[in-house]
Amino acid sequence: MNFILRRLLSGGTAKHSARAPCLLYSSVAPDMRERTLIAVKPDGVQRRLVGEIIKRFEQRGFKLVGIKMLQGSEGILAEHYHDLRRKPFYPALIRYMTSGPVVAMVWEGHNVVRSSRFMVGETDSSLAKPGTVRGDFSVHISRNVIHASDSVEVAEREISLWFHSAELMNWETSDHSDLYQV
Ligand code: IDP
Ligand code: MG
């Protein structure tokens with residue numbers, strides 16, 4: 001097993017690709033390192049939409065830096081949806097979100113929080129535009145397939161709620177200059 005693979009499997013940082021030359025992660029401008037939490041909700045996992053959703057973020061040019069499948073606990077979801085705890089739909093929301101596995105991901109790139117909200121579409125799926133995840137795959141607000149953080153501050157909080165720092169990869173893509181003027 002080569003060095004890079006060992007580092008990846010052990011969760012370490014892979015700053016150097018086997019293919020040189022390559023940018024060092026630390027040389028990438030901070031605004032291109034914005035991160036957001038995207039989660040495929042239980043209905044999205046059941047409907048086998050995980051691959052489709054990953055494809056959209058990859059094709060857009062964002063970089064996957066963390067991914068895992070897990071059964072969300074009531075504790076983590078209570079914290080995640082803390083601001084909605086007094087809403088009438090809150091108990092149903094927690095039941096929905098704990099009804100099966102979710103696929104939690106962290107995506108990185110320029111303006112990724114804002115762009116991913118556009119890619120995800122309106123909370124109420126009936127208002128979500130075609131071409132958005134919710135506009136293409138959901139008909140009702142109560143089963144809207146996907147979560148995306150709604151601000152940079154919230155993204156930071158949500159990422160640290162769902163991921164340990166060792167689960168996130170600091171790595172640089174070899175096509176960086178095709179996506180950004182460095
Ligand atoms: P967002 O997911 O677009 O950020 P939020 O307002 O943060 O929307 O609400 C979180 C989640 O709570 C929604 O994605 C949806 O699953 C659920 N939700 C929000 N409003 C309603 C509602 O009126 N009825 C049922 N579920 C709702
Ligand atoms: Mg929200």
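Both counts, for ligands and for their atoms, begin at 1 and track the order of listing. Here the structure is a predicted model, which is why all the values come from computation and not from measurement.
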Point to revise | Of all pairs that satisfy ring-ring contact (aromatic ring centres under 6.0 Å, His included), the ones with a partner from residues 109-144, not counting sequence neighbours | key: none

Practice item. Give a yes or no on whether a salt bridge exists between E58 and K55, defined as a side-chain N under 4.0 angstrom from a carboxylate O. Key: no

Point to revise | Exam field: side chain E79 to backbone L161, donor-acceptor pair closer than 3.5 Å | key: no

Review point. Taking atom types as modelled and ignoring hydrogens, do the side chains of E74 and T98 form a donor-acceptor contact shorter than 3.5 angstrom?
Key: no

Exercise for review: Using the ring-ring contact (aromatic ring centres under 6.0 Å, His included) rule, collect all pairs that involve residues 57-87, keeping only residues at least two apart or in two chains.
Suggested key: F57-W107, H80-H147, H80-W162

Revision key, fill the gap. With sequence neighbours left out, the residues meeting salt bridge (charged side-chain N to carboxylate O under 4.0 Å, His left out) with E34 are none

Pick out the protein N or O atoms lying less than 3.5 Å from any N or O of ligand 1, and list each pair with its distance.
{"unit_1": "ligand 1", "atom_1": "2 (O)", "unit_2": "R134", "atom_2": "NH2", "d": "3.1"}
{"unit_1": "ligand 1", "atom_1": "3 (O)", "unit_2": "R117", "atom_2": "NH2", "d": "3.2"}
{"unit_1": "ligand 1", "atom_1": "3 (O)", "unit_2": "T123", "atom_2": "OG1", "d": "2.4"}
{"unit_1": "ligand 1", "atom_1": "3 (O)", "unit_2": "R134", "atom_2": "NH1", "d": "3.0"}
{"unit_1": "ligand 1", "atom_1": "4 (O)", "unit_2": "R117", "atom_2": "NH1", "d": "2.8"}
{"unit_1": "ligand 1", "atom_1": "4 (O)", "unit_2": "R117", "atom_2": "NH2", "d": "3.3"}
{"unit_1": "ligand 1", "atom_1": "8 (O)", "unit_2": "T123", "atom_2": "OG1", "d": "3.2"}
{"unit_1": "ligand 1", "atom_1": "14 (O)", "unit_2": "K41", "atom_2": "NZ", "d": "2.8"}
{"unit_1": "ligand 1", "atom_1": "14 (O)", "unit_2": "N144", "atom_2": "ND2", "d": "2.8"}
{"unit_1": "ligand 1", "atom_1": "16 (O)", "unit_2": "K41", "atom_2": "NZ", "d": "3.0"}
{"unit_1": "ligand 1", "atom_1": "16 (O)", "unit_2": "N144", "atom_2": "OD1", "d": "3.4"}

